[in-house]
Amino acid sequence: MVETVDAQREVIGIGSAIAVLLVGYGTAINETIGGVRTTILATWVFAATFALLALLHGSYGRRDFAAAHGGAAVGLLAFLLATAGPQALAGLLVFVGSGAYIGIATLRARPTATS
């Protein structure tokens, strides 16, 4: 029997922990690290987390989840790199749309418990 490992939980946990530590550092110690606001760095960490999740899902054939996580990463990157309001809004819309698909598809993919 081949054991499978679901790395999604660990990737999300590590990415979230790093982001929370960055925001905590920014709140308690210094707002910037190397001249960059810690909240911006935390958002970059989340974008990288979504990109890594896209690669992981793609590696085991879940193209829908790979595309959705990739879309979330692209949306956050577009938001981070935006130079005007409409660009930031477009990035957020892509991020929210991808996130909505991730949420719905995750609920549908979970096995239902039967008693």
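If you're wondering where the values come from, they're calculated on a predicted model, not measured in any experiment.
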Student: Can you measure from OG1 (Thr38) to CD1 (Ile40) and round to the nearest 0.5 angstrom?
Tutor: 9.0 Å
Student: Crowded around Glu31 CD? As in, over 12 foreign heavy atoms under 6.0 Å?
Tutor: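 No, CD of Glu31 has 12 or fewer neighbouring heavy atoms, counting only those of other groups under 6.0 Å.
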Student: Would you give the length of the straight line joining atom CZ of Phe46 to atom CG of Leu76, rounded to the nearest 0.5 angstrom?
Tutor: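 Going from the CZ atom of Phe46 to the CG atom of Leu76 covers 9.0 Å.
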Student: Quick one, Phe65 and Thr106 - any side-chain contact, counting heavy atoms below 4.5 Å?
Tutor: yes
Student: With clusters defined by side-chain heavy atoms of hydrophobic residues (ILVMFWY) lying less than 4.5 Å apart, directly or transitively, does Val11 cluster with Ile14?
Tutor: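 No; Val11 is not reachable from Ile14 via cluster members.
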Student: State plainly whether one hydrophobic cluster holds both Val20 and Ile12, where clusters connect Ile, Leu, Val, Met, Phe, Trp and Tyr through side-chain heavy atoms under 4.5 angstrom apart.
Tutor: no
Student: Can you name the closest pair of heavy atoms from Ala51 and Ala73 and give their distance?
Tutor: N-CB, 3.7 Å
Student: Can you give me the closest heavy-atom contact between Ala68 and Ser98, atom names plus distance?
Tutor: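 Between these two residues, the closest heavy atoms are O-CB, 3.3 Å.
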Student: Transitively linked via ILVMFWY side-chain contacts under 4.5 Å: Leu41 with Tyr25?
Tutor: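 Same cluster: Leu41 reaches Tyr25 through Ile, Leu, Val, Met, Phe, Trp or Tyr contacts under 4.5 Å.
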Student: On a heavy-atom basis, which atom in Gly91 and which in Ala78 lie closest, and how many Å separate them?
Tutor: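 Shortest heavy-atom contact: CA-CB, 3.8 Å.
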Student: Within the 4.5 Å heavy-atom criterion, are Trp44 and Leu77 side-chain neighbours or not?
Tutor: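 When only atoms from C-beta onward are counted, Leu77 and Trp44 do touch, with a gap below 4.5 Å.
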Student: What are the two closest heavy atoms between Ala19 and Ala42, and how far apart are they?
Tutor: O-CB, 3.8 Å
Student: So, taking the atom named CD in Gln87 and the one named CG in Leu80, what distance separates them when rounded to the nearest 0.5 Å?
Tutor: 12.5 Å
Student: Could you measure the distance from the OH atom of Tyr101 to the CZ atom of Arg108? Nearest 0.5 Å is fine.
Tutor: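 Here the interatomic distance stands at 8.0 Å.
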Student: Tell me the closest heavy-atom pair linking Gly58 and Ala66, and the distance in Å.
Tutor: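 Closest pair (atom of Gly58, atom of Ala66, distance): N-CB, 3.6 Å.
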Student: Distance from His69 atom NE2 to Ile102 atom CD1, nearest 0.5 Å?
Tutor: 4.0 Å
Student: Determine whether Ile29 and Leu21 fall in the same hydrophobic cluster, where Ile, Leu, Val, Met, Phe, Trp and Tyr are linked whenever their side-chain heavy atoms lie under 4.5 Å apart.
Tutor: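 No, no single cluster joins them.
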Student: Which atoms form the tightest heavy-atom contact between Arg62 and Ala109, and what is the distance?
Tutor: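 It is NH1-CB, 4.3 Å.
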Student: Nearest 0.5 Å, please: how far is OG1 in Thr43 from CG in Leu22?
Tutor: 9.5 Å
